Amino acid sequence: MQLKDVIESPCGLRYMFDQLDLQSSFGRRSLLDMPMMKNASEIGKCYAVLKSFHDFVLEPENTPYINTLQSKLQCLKDVRTTIKHLGESVVLDDIELFEVKHLAILTADISERLQKLGLDKVIALPDMQNVISILDPDGLKIATFYIYDSYSEDLKELRALIRKSPDMQEELLLKANEIEDQIRLELSRKLRPFAAEIEQAQRALAQVDINLAKALQMKQLGLVFPSVSKGTTSYRGLFHPQVKNSLAAVGKLYQPVDISFGQQPTLITGANMGGKTVVLKTLTLCQYLFQFGFGIPAEKAEIDVRDEIYFCIGDEQSIEKGLSSFAAEMKNIDAVIKASRKEGNIVAMVDEPARTTNPTEGAALVTALIELLSGKNVSLVLTTHYDIDSASSKRLRVKGFVDGQMNYQLVEVKEGEVPHEALNIAESLGIDCEWIALAKKVVEFDHFKQRRINKRSH
């Protein structure tokens with residue numbers, strides 16, 4: 001799976017990608033083509049490179065160097081087709097020879113700057129001097145290409161004759177073109193042994209662009225480096241950057257949360273508008289960010305590596321497949337169940353499953369899902385507003401209303417009862433007071449009836 005395959009996940013991954021200040025289209029394409037890392041060692045190496053760039057961007061005196069690097073990286077183009085032609089012994093045309101020369105000079109320029117900044121040890125750029133010498137025989141170091149007179153004395157003489165003998169231009173131009181074609185053939189032959197280095201240079205420059213953009217994003221959004229964990233994932237001060245920025249735009253503060261989960265199913269309960277869905281989105285987002293080498297939105301993060309990531313969120317109606325939101329949701333959860341029976345560790349975030357069906361069957365489906373996935377190779381985090389009786393789950397609850405204000409912190413509880421705060425939330429939103437008052441009377445009457453039934457049963 002590549003980043004481009006999950007970029008539109010409703011967890012907010014597209015937002016994080018769009019916030020990157022990538023300078024080149026090739027850098028952007030390279031990141032989208034990046035496969036999800038599933039090895040702790042690989043992830044560790046990726047973050048080690050990013051750490052060097054992060055240390056670099058944190059120093060205020062490096063701002064001019066950052067700006068210069070970004071300006072240079074804007075010149076990085078996608079020349080993979082040209083490199084492919086070179087490897088296939090195709091004679092390069094003038095545009096392709098220009099692309100190779102331009103890339104070689106750009107690589108040499110950025111390599112020299114990285115050496116001065118001490119970043120050449122984390123991303124090594126290949127030596128392009130041989131390529132430059134082939135395409136820049138006059139040593140002008142200008143990123144343009146031309147069949148120079150230096151390539152051939154015969155060509156030099158022909159061009160001089162063309163300028164002096166206008167009446168013989170057609171014949172002389174034909175001869176000059178033949179020599180130029182021979183020079184292109186020879187240049188392509190000389191460049192062919194360096195095809196691998198040219199490809200490596202393009203990839204390495206893309207990594208400079210990507211790591212610089214990721215480091216700047218970490219600084220801008222206050223992201224942290226995670227630790228690689230085994231079995232348990234935990235966050236302190238977890239936040240969702242997109243939601244946080246949206247709240248800040250209207251003068252509101254985001255309340256970070258602390259959470260940890262492992263192989264034991266984790267059940268999060270709380271009233272509607274209690275932030276449960278945001279927690280799941282953030283957990284899914286962080287898992288992706290971790291396995292694609294981004295900074296993590298938290299004060300501290302310890303994350304377990306997973307082979308597959310599932311995010312099942314409600315209201316995913318599929319018009320194309322003719323599925324209702326319930327049917328689409330059931331299909332997504334079914335994929336998690338099928339994956340749990342295979343090898344490999346997965347993490348699954350399931351948001352309020354069966355919310356659109358009747359409470360009796362909905363609660364039964366949720367209870368059965370928890371029981372079915374318990375003890376499997378699934379790290380399950382599930383939100384619900386149903387009262388679920390499941391001894392195998394770790395239970396977390398949104399604190400809810402405290403002193404008239406919503407508190408989104410998660411607290412561990414033993415009992416499974418869901419807090420009844422819908423009326424309080426509706427009241428805080430300024431909903432019609434007569435409607436709320438009548439609803440409260442209905443609730444009080446229902447409680448009264450239930451107490452009478454309980455007394456009779458005793």
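Predicted model, so just to flag it, every value in this text is computed and none were measured.
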Over 12 foreign heavy atoms within 6.0 Å of OH, Tyr65: no

Electrostatic pair Asp351:Lys276 at N-O distance under 4.0 angstrom: no

Asp21 and Gln70 side chains, donor-acceptor separation under 3.5 Å: yes

Sidechain N-carboxylate O distance under 4.0 Å for Glu186, Arg189: yes

SB check Asp136 Lys141 (cutoff 4.0 Å): no

Ring center gap for Tyr254 and His240 short of 6.0 angstrom: no

Qualifying residue, where the test is side chain to side chain contact (heavy atoms under 4.5 Å, CB included) with Leu125 and the options are Asp120, Leu205, Asp109, Leu106: Leu205

Arg184 with Asp181: basic N within carboxylate O range, under 4.0 Å: yes

Positive for side chain to side chain contact (heavy atoms under 4.5 Å, CB included) with Pro241, one of Leu285, Leu289, Thr282: Leu285

Residues, nucleotides or ligands: over 12 heavy atoms within 6.0 Å of Leu253 CG: no

Any residue meeting side-chain hydrogen bond (donor to acceptor under 3.5 Å, both in side chains) with Thr266, in chain and number order, not counting sequence neighbours: none

Glu343 atom CD, over 12 foreign heavy atoms within 6.0 Å: no

Any side-chain heavy-atom pair of Val279 and Ile259 under 4.5 Å: yes

Exceeds 12 heavy-atom contacts within 6.0 angstrom, atom NZ of Lys300: no

Glu302 versus Ser227, side-chain donor and acceptor atoms under 3.5 Å: no

Lys219, NZ: over 12 other non-hydrogen atoms inside 6.0 angstrom: yes

Side-chain heavy-atom pair Gln2, Leu32 within 4.5 angstrom cut-off: no

Any donor-acceptor N or O pair under 3.5 Å, side chains Asn332, Tyr310: no

Any side-chain heavy-atom pair of Tyr235 and Asp258 under 4.5 Å: no

Donor-acceptor side-chain pairing of Gln207 and Asp209 below 3.5 angstrom: no

Full working for side chain to side chain donor-acceptor pair (under 3.5 Å) between Gln74 and Gln23: CA-CA 5 Å; Gln74 288 173 8; Gln23 300 302 306; 2.9 Å; yes

Asp334/Lys338 under salt bridge (Lys or Arg N to Asp or Glu O under 4.0 Å): CA gap, chis, key distance, verdict: CA-CA 6 Å; Asp334 186 59; Lys338 285 182 170 61; 2.4 Å; yes

Asp154/Lys156 salt bridge by N-O under 4.0 Å criterion: no

Polar side chain donor-acceptor pair, Asp304 to Ser229, under 3.5 angstrom: no

Crowding at CD1, Ile95 (>12 non-hydrogen neighbours, <6.0 Å): no

Ile142 backbone acceptor or donor facing Lys101 side chain under 3.5 Å: yes

Donor-acceptor contact below 3.5 Å, side chain Ser111 vs main chain Ala108: no

